[in-house]
Amino acid sequence: MSTTVRLAASGPAADEPAAALVPDPEQAAAVAARGRLVTVLGGPGTGTSTVAVGCVVDRVRRGERRLDEIVLVGPTRQAAARLRDAVTA
């Protein structure tokens, strides 16, 4: 089963570190979504990085997944590095 979540533009500034962000209610609902594949769709400033980091951290903390079982991708190497840094912070 897969889950798709669409986020509306309402997030914080894109240059704010993902680890420092607190999800809004829509983002929190996306973090709570479960499925074999969870797809989060949204443009710049919608909180997709916040949700991606939140999903990883939530699943690892709950013991649902080990960190080495999760694939998290970003659109550029720089974005991927920021996501990695936020998850491992």
Side-chain angles (χ1 to χ4, degrees):
M1 180 177 131
S2 68
T3 303
T4 300
V5 179
R6 295 179 191 276
L7 300 177
S10 65
D15 60 350
E16 194 169 346
L21 303 177
V22 176
D24 65 24
E26 185 179 42
Q27 295 164 347
V31 169
R34 292 297 189 264
R36 180 168 161 74
L37 173 67
V38 176
T39 305
V40 179
L41 304 174
T46 60
T48 52
S49 295
T50 301
V51 170
V53 170
C55 285
V56 171
V57 171
D58 183 60
R59 282 150 181 79
V60 171
R61 282 187 181 158
R62 291 175 182 268
E64 296 173 13
R65 295 283 181 261
R66 292 188 328 263
L67 194 54
D68 64 351
E69 296 177 316
I70 297 173
V71 176
L72 180 61
V73 297
T76 65
R77 286 184 184 184
Q78 184 179 18
R82 281 194 299 252
L83 290 170
R84 180 198 60 229
D85 292 346
V87 167
T88 58

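What you see is a predicted model; the values in this text were computed from it and never measured.
- Between atom SG of residue Cys55 and atom CZ of residue Arg34 there is a gap of 7.5 Å, rounded to the nearest 0.5 Å.
- With respect to Arg59 and Glu69, no salt bridge is recorded, no charged nitrogen being found less than 4.0 Å from a carboxylate O.
- Leu83 and Ile70 fall within a single hydrophobic cluster, where Ile, Leu, Val, Met, Phe, Trp and Tyr are joined by side-chain heavy atoms under 4.5 Å apart, directly or via other members.
- Of all the heavy atoms in Val51 and Gln27, the pair that sits closest is CG2-CB, 3.6 Å.
- Just one residue in the list Asp58, Val53, Val56, Thr50 forms a side chain to side chain contact (heavy atoms under 4.5 Å, CB included) with Val31, and that residue is Asp58.
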